[in-house]
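Naming: A, B, ... by sequence-line order, numbering from 1 per chain.
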Amino acid sequence: MKKIVKNAEEAVQDIQDGATIMLGGFGLCGIPENCISALVKKGVKNLTCISNNAGVDDFGIGLMLQQKQVKKMISSYVGENAEFERQLLSGELEVDLIPQGTLATRCMAAGYGMPAVFTLAGFGTEVAEGKEVREFNGKKYLLEYAFDSDFAIVKAWKGDTHGNLIFKATARNFNPLMAMAGKITIAEVEELVPAGELNPNEIHTPGIYVHRIFQGANYEKRIEQLTTRK
Amino acid sequence: MKKIVKNAEEAVQDIQDGATIMLGGFGLCGIPENCISALVKKGVKNLTCISNNAGVDDFGIGLMLQQKQVKKMISSYVGENAEFERQLLSGELEVDLIPQGTLATRCMAAGYGMPAVFTLAGFGTEVAEGKEVREFNGKKYLLEYAFDSDFAIVKAWKGDTHGNLIFKATARNFNPLMAMAGKITIAEVEELVPAGELNPNEIHTPGIYVHRIFQGANYEKRIEQLTTRK
Amino acid sequence: MLDKFGIAKRIARELQDGYYVNLGIGIPTLVANYIPAGIEVVLQSENGLLGMGPFPFADEVDADLINAGKQTITTVNGSAFFDSAMSFGMIRAGKVDLTVLGAMEVADNGDIANWKVPGKMVKGMGGAMDLVAAAKNIIVAMQHCDKAGNSKLLPKCTLPITGLGCVKKVVSDLGVFNITEQGFHLIERAPGISTEYIKEKTAGRLVISGNVPEMILD
Amino acid sequence: MLDKFGIAKRIARELQDGYYVNLGIGIPTLVANYIPAGIEVVLQSENGLLGMGPFPFADEVDADLINAGKQTITTVNGSAFFDSAMSFGMIRAGKVDLTVLGAMEVADNGDIANWKVPGKMVKGMGGAMDLVAAAKNIIVAMQHCDKAGNSKLLPKCTLPITGLGCVKKVVSDLGVFNITEQGFHLIERAPGISTEYIKEKTAGRLVISGNVPEMILD
């Protein structure tokens, strides 16, 4: 079993122009910082990125937007980010906005081999345009398809050499769902331990879903809205 | 927040004749022993039980079969159990056999508010009779509906006063799925602790899904196939 | 007239012991400050937390622990973390007892618009469409009128819809309204606000039956 | 002719380093004893475990730790537990590299029957229908003939089907067969078994091209 790679550069080396990639995280929380840097360095272009958000101007997916590497964003909430807005308005960037729960469920569906799911979100709104509607028990649902992505890139707190992952607090968010959904799943972790050191009862993502893993470095973990009390 | 009940008798007291109940466990592993005893004692009849298996003659759901409390079993594998077979052949008991993954997914669907799911299992077999078939990406799927159950009864390893649950090893199985799926969910736990003592990162079933909880007593945890090495 | 704190305070009265509640960004967030004494309420944050606590002290801040508004927060005793699919799963399955959110417009049939203004940069619906489509009990906290004085309680939403027929109650700076088949049913007036004034400021169908009490806060 | 250990040993040769494998009850379980040296294979038990270890020593037995055959087992380094929905989710999504299971009948188009005999008590399909419908690579371990000497490799299953066109390979006591468009393609003969004998004992379409080697075990 050879899942360990040296670093982010090695992990993303075969991601080609035009790939569809999922990136875990909610806002800047739990994003795969090392892999994003490696993708920026690699300069791969025309990416379709499935990610709940698009980062800020100088962090997260915002860094890839600065380099014009992204052709299309599939997200639930974007635009904390001036460059994003500029590219969108100029037509350089395509955006597909999806309700957050639908986004999450379409990831899960891929990981669970379910080709499509029914969800309430968006019925009667412009999100429903062109979509199949079906009624169950008097409620109307939209048929939404599982995502099909070449790579999923996630960030975990701890991982082991078999690819088992544990996430921390709300940095979990989309990460375990996307981990299940990638044809190739890359996990960067804060702490990589030998198989046997994680409690099998506490694993969030079983290693079967993870193809490459490495211990990341220099996590900045930037905070978007620092709020404190006294 | 008043989720704690004294014991199994109190937990099941409003389960009426004719109710549909889910019971967690795989074989005899992780079954809600205390609640099953309480249901036997209560003598409630005409139950529809959704449970992967039906126990053995003198343990688990087998105890309820002995008392002829079960009208219908919805399971994936049954018949480790002579009384079960007798009732089935005599027409006293109705059985609906469902592929195990479909059973699990129909529980999950209920807990996730998904009215129906598509699954590959059973296409082209007698399980598919009368079911809607739909093709996605060249594969044929059956449309299967979320379960609708009055009560879900599960057994966890640890629980807290908010209803958060942690399962142990393979005693997890159907328990967290059914916990999500009951209109009323009852959890019996080996160890009940005050809210705050369980690590929020290690919870398998968040308390929002659990309506009643108590610390069970005298767990027998019978083993169906004791296999050892020397 | 109620200020934003008054709106939050009034909504907090709707809380009951054991409720699981999702509070949106803005005024709804303030509701957490007015939870009545003696009841226990669990706050859901749709990015994956049940049991949201207050903001952290400076030395407690954890970048891995934020709410759906991306603010640093804390946990409480009994908290649980989970992924985004389970989070919206519990919302969709009706396990969340109450959802409080803001709106740009509410129609007298319960339609809500709160995610998009044509001509302005569209940031996305986030979890709003999931929440309004699936929550079993939705209260909207909003200003009754826009800055130009036009009613935001309408016969029909003019902005793109977030969800159809889902709002159960509106608490505005002018009063409390149940959404009924007949339209906005005024059940309480904000302090100092007359039914006449509310009539004038409400474009949607308004139901006023008998003497509508003025609310007493504190 | 192969005994059940021989069948298991031969199937074990199909394993590759890093494979995730689900082994059914009976002969398939024995495959775990013959995993080639130097490769690492992770066994999935569909009741919720990746990384199934050997049976426990008497003092290690844990009623909460069983496999899909309800036998007490152990974990290994790198094991993970999960619920039944995730377990069948990973199967359905094609994450399990190889599934080995028994069969009552296999047809020359890959159909399999292994769950029900009309007239006998029906115990249920358990996870078999999920496994055969969704696994990307299925090897069947079976006796070539029933006790009366009738072929169980058929032109068409006579028993109720478990899954359609899903078997990729059959390892019987007589040989190894790939399922192809043309039927059972004999690729290896069991020790001491002639192609003539295999022809005689195979009711389904059989493809024999050139000299078929006799397998060498050990």
Side-chain angles (χ1 to χ4, degrees), chain A residues 26-30 52-53 75-80 84-85 88-89 95 97-109 111 119-127 139-142 157 167-177 204 219-230, chain C residues 25 45-49 52-75 79 81-92 111-113 115-116 121-135 160-166:
Chain A
F26 177 91
L28 302 180
C29 182
N52 190 57
N53 312 90
S75 303
S76 87
Y77 193 82
V78 294
E80 309 279 23
F84 184 98
E85 191 166 347
L88 183 64
L89 296 174
V95 178
L97 292 171
I98 294 180
Q100 195 174 322
T102 301
L103 188 72
T105 309
R106 289 176 65 186
C107 293
M108 187 182 74
T119 179
L120 294 162
F123 172 72
T125 76
E126 62 181 58
V127 162
K139 285 187 192 172
K140 297 223 173 71
Y141 293 80
L142 301 182
W157 181 35
F167 304 92
K168 193 184 133 203
T170 57
R172 192 180 319 179
N173 55 64
F174 287 84
N175 280 300
L177 306 168
H204 297 132
Y219 283 102
E220 177 178 339
K221 292 194 182 184
R222 195 182 295 184
I223 292 171
E224 235 167 312
Q225 303 282 344
L226 180 65
T227 44
T228 58
R229 61 178 158 158
K230 280 178 191 159
Chain C
I25 295 168
S45 188
E46 68 265 26
N47 56 320
L49 169 63
M52 180 165 58
F55 295 146
F57 292 110
D59 62 355
E60 287 178 333
V61 168
D62 180 351
D64 292 325
L65 181 46
I66 65 170
N67 65 16
K70 289 153 196 163
Q71 298 170 311
T72 48
I73 47 151
T74 56
T75 56
S79 284
F81 296 114
F82 36 84
D83 65 48
S84 302
M86 180 179 269
S87 185
F88 285 95
M90 63 182 68
I91 290 165
R92 213 184 289 118
D111 292 355
I112 178 172
W115 78 285
K116 186 174 178 177
M121 162 75 187
V122 180
K123 294 198 170 188
M125 67 294 282
M129 282 191 183
D130 306 272
L131 281 159
V132 300
I161 289 289
T162 309
L164 294 178
C166 47

### Message
As an exercise: rank A:Glu224, A:Glu80, A:Lys139 by heavy-atom pairs under 4.5 Å with chain C and give me the winner.
### Response
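Greatest number of close heavy-atom pairs with chain C: A:Glu224.
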### Query
So what's closer than 4.5 Å to chain A heavy atoms on C:Thr75: side chain, backbone, both or neither?
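No part of it gets close to chain A.
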#### Entry: Residue C:Glu60 versus chain A: region with a heavy atom under 4.5 Å
side chain
Do you know which of [options] has the most heavy-atom pairs with chain A at a distance under 4.5 angstrom?
options	value
C:Thr74, C:Leu131, C:Asp62	C:Asp62
C:Pro160, C:Ala58, C:Gly124	C:Gly124
C:Gly163, C:Ala134, C:Ser79, C:Pro54	C:Pro54
C:Gly165, C:Gly89, C:Ala68, C:Ala113	C:Ala68

### Query
Would you say the side chain of A:Phe26 lies within less than 4.5 Å of the side chain of C:Glu46, judging by non-hydrogen atoms?
no
### Query
So, do A:Gln225 and C:Asn67 sit near enough that their side-chain heavy atoms are less than 4.5 Å apart?
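A:Gln225 does not reach C:Asn67 side chain to side chain.
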Contact part of [X] toward chain C, heavy-atom cut-off under 4.5 Å: side chain, backbone, both or neither?
X	result
A:Asn53	side chain
A:Lys221	both
A:Arg172	side chain
A:Phe84	side chain
A:Leu226	both
A:Leu103	neither

Rounded to the nearest 0.5 Å, what separates atom [atom1] in [X] from atom [atom2] in [Y]?
X	Y	atom1	atom2	result
A:Leu120	C:Arg92	CG	CZ	7.5 Å
C:Asp64	A:Asn173	CG	CG	9.5 Å
A:Thr228	C:Gln71	OG1	CD	11.0 Å
A:Gln100	C:Met125	CD	CE	10.5 Å
A:Ile98	C:Met129	CD1	CE	11.5 Å
C:Leu164	A:Lys140	CG	NZ	9.0 Å

Could you tell me which non-hydrogen atom of [X] sits nearest to which non-hydrogen atom of [Y], and how far apart they are?
X	Y	value
A:Ala121	C:Asp130	CB-OD1, 3.2 Å
C:Ala85	A:Met108	CB-SD, 3.9 Å
C:Val122	A:Leu97	CG1-CD1, 3.6 Å
A:Thr170	C:Gly48	CG2-O, 4.2 Å
C:Ala63	A:Ile223	CB-CG1, 3.6 Å
C:Thr72	A:Thr227	OG1-O, 2.6 Å

### Message
Which residues pass the side-chain hydrogen bond (donor to acceptor under 3.5 Å, both in side chains) test with A:Arg106, not counting sequence neighbours?
### Response
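Partners of A:Arg106 under the side-chain hydrogen bond (donor to acceptor under 3.5 Å, both in side chains) test: none.
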#### Entry: Test log, rule side-chain contact (heavy atoms from CB on, under 4.5 Å), inputs A:His204 and C:Phe81
CA-CA 11 Å; A:His204 297 132; C:Phe81 296 114; over 6 Å; no
### Message
Let's go through A:Lys230 and C:Phe57 carefully: what are the C-alpha distance in whole Å and the side-chain angles of both, what is the deciding distance for side-chain contact (heavy atoms from CB on, under 4.5 Å) to 0.1 Å, and is it a yes or a no?
### Response
CA-CA 6 Å; A:Lys230 280 178 191 159; C:Phe57 292 110; 5.8 Å; no
